2 protein chains.
Amino acid sequence: LSTASYLIGIDLGGTAIKAALFDRDLRSIDDVEAHTPAREGPDAVIGAMAGAVTSLLKAAKVSKDDVSGLGLGSPGPLDLDTGCTLDLPNFPGFANVPIRDRLAEAVGLPVVIENDANAAALGEFVCGSGEAVSMIVLLTLGTGVGSGIVQDGRVFHGAHGIAPELGHMIVAPEGAPCECGQRGCLEQYASATALVRHARRLIDREDPDSRLRRGLEERGELTAKSIGEAYRGGDPLAREAWDRLANYLAIGCTNIARICDPDLIVLGGGLAGAGDKLIDPVRERFFDIHWTLTDRKTDIVAATLGNRAGIIGAASLARERFL
Amino acid sequence: LSTASYLIGIDLGGTAIKAALFDRDLRSIDDVEAHTPAREGPDAVIGAMAGAVTSLLKAAKVSKDDVSGLGLGSPGPLDLDTGCTLDLPNFPGFANVPIRDRLAEAVGLPVVIENDANAAALGEFVCGSGEAVSMIVLLTLGTGVGSGIVQDGRVFHGAHGIAPELGHMIVAPEGAPCECGQRGCLEQYASATALVRHARRLIDREDPDSRLRRGLEERGELTAKSIGEAYRGGDPLAREAWDRLANYLAIGCTNIARICDPDLIVLGGGLAGAGDKLIDPVRERFFDIHWTLTDRKTDIVAATLGNRAGIIGAASLARERFL
């Protein structure tokens, strides 16, 4: 290998900092994980990222001189031109912090930053489910709904660097209020939080002998995980809750197909991570919605990189920029 | 002027062919219009376009040698790679016709083609409402709802050359059936056709003395034009019909803002052509929908080029490609 051919990707999350070392072909060499001291402010968070990089290089026995650059996938919104955070929810003191330049200074490497969901979309495009196609839209179904659009290797940012926000597409006019101020956002119908709400509503309506209700009373909690398990175990009520989510998600995917017409809509995040049984109803509903104007081409598939998509996408950005 | 610095734009419509000659700064030199012999098949239509070009050059006293190339805005869907029509509704015999190459041969000039709505969006971007910004989304509100997306001078086509189809974004799940096969498409709620339906429903519900009803009985017809006139004259029922349209259009614009985040959403076509009084309620509803996650930046404005947007956009494409 030539000098400076390694790359580092960092995924900055609310609870954990993940850093990984890659070779120029984006093969993973080593990984470290550290606690994110989010409540302690920018100095602590940037220091923790720099510390993770030091640990990573030490563990891999690679000199910093052999690293071309570092890509950071950060929560947003970000100003990508200036490399500053605009305001990070759950990170106090992070309004207008020049996170790119401060990390570069702390680490001693050139840094490129990207919104975490966009980085994940790029990761899936470069090394995951989107490897063989020209355009993907990623939806990450977790507590909320994150999103990213990549065409021909370029991340789409809209006019102001903050698009896309597909979780805040309105799929139910006059529907459930969302934290963003709107009503009826996709996130309110197709996230882990939404799945629990769908299930709770069905349980409240059902007779007291229903399985999910009994399970709830026995285990004392209703979570997206427990609903997903019940659904995979054949529970009809859990299936109904998931179908409700799938129905709205299919509307969202239809709108994505009409607006962007990607090759693939890639479903990732905790909810989609559990496999085909969870994706299939969404695909079914999506293909049930007729569209006769042209041969339909967009398909829906599961993400393949799991929670490593962001870190790979970040390293891929660093490769593009610095190698 | 140097040799071959003129450009020709053609707008192929279902009833009329419009051709215009432009200088290299896209200033209009001359115009001709001809009947579209749509029912007579491809030979007749392509011949009529070539005839229009001949008339145009003769009228302007410009030699074909002084023309760099020709841009054609055509109804779609088109295969832009091969320059073929896929299938043009209202143009019998136009399935898989190599319209680009056949027009080039008939005219003796290099030809570039683009979907008519995309050409109009490019026209507005280059010379109209989008002149000063980096990204616009055009919605043309006519019998249906057409659309185009332009960022940094590039027309967005999605993965398969057919995006965007914003008129078929779903804004009312389980809503009115659309010819495309879906239900609740924007086109069913925010087109001229939709405005008439909104008004008719209100009239049927209203007492027999309502103004719009009396007008309808006197004139014997209810059209988007008559409703627009009644609205501008202060008719409350016409206002209510327009507000209903504006409400759905604002949802569509919100989704466009969340997905694409353009600088401007530009409203064109017959419905929007009547000015601010028609645009203002849409803007009001759009800004009424709260969005707190970032400073909202997308605005809604009226198109400024009217039905010349397409022809200017087509000429602009020819300039980019051939000059």
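All values reported here derive from a predicted model rather than from experimental measurement. Hydrogens, waters and symmetry mates play no part in the numbers below; they use all other heavy atoms, side chains included. Here is how names work: the chains are called A, B, and so on, in the same order as the sequence lines, proteins then strands, and each is numbered from 1.
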Checklist line | Proximity of residues 131-156 of chain A to chain B, residues having a non-hydrogen atom under 4.5 angstrom | finding: A:S134, A:M135, A:I149, A:Q151, A:R154, A:F156

Note to self: Please give me the minimum heavy-atom distance between B:H168 and A:N255, naming the atom from each residue.
What the structure shows: O-OD1, 4.5 Å

Next item on the list: Just give me the residue among B:A159, B:P89, B:G184 that pairs up with chain A most often, heavy atom to heavy atom, under 4.5 Å.
Entry: B:A159

Next item on the list: May I ask you to name which of A:G158, A:C180, A:G181 has the most heavy-atom pairs under 4.5 Å with chain B?
Entry: A:C180

Item checked: Taking every non-hydrogen atom, the tightest pair across A:I259 and B:P164 -> O-CB, 3.5 Å

Notebook entry, point to check: What residue in B:D87, B:I162, B:L166, B:N247 has the most heavy-atom pairs under 4.5 Å with chain A?
Noted result: B:I162

Check: Residue by residue, which of residues 73-86 of chain A have a heavy atom closer than 4.5 Å to a heavy atom belonging to chain B?
Finding: A:P77

Next item on the list: Calculate, to the nearest 0.5 Å, the distance between atoms CZ and CD1 belonging to A:R183 and B:I251 respectively.
Entry: 11.5 Å

Item checked: A:R197 CZ: over 12 foreign heavy atoms closer than 6.0 Å -> yes

Check: Which heavy atom in A:P173 sits nearest to a heavy atom in B:P173, and how many Å separate them?
Finding: CD-CD, 3.9 Å

Checklist line | Nearest-0.5 Å distance, CD of residue A:E165 to CZ of residue B:R258 | finding: 8.0 Å

Notebook entry, point to check: When rounded to the nearest 0.5 angstrom, what distance separates CD1 in A:I170 from OG1 in B:T254?
Noted result: 4.5 Å

Note to self: Test side chain to side chain contact (heavy atoms under 4.5 Å, CB included) on B:D263 and A:H160; report intermediate values, then the result.
What the structure shows: CA-CA 8 Å; B:D263 294 297; A:H160 314 104; 3.0 Å; yes

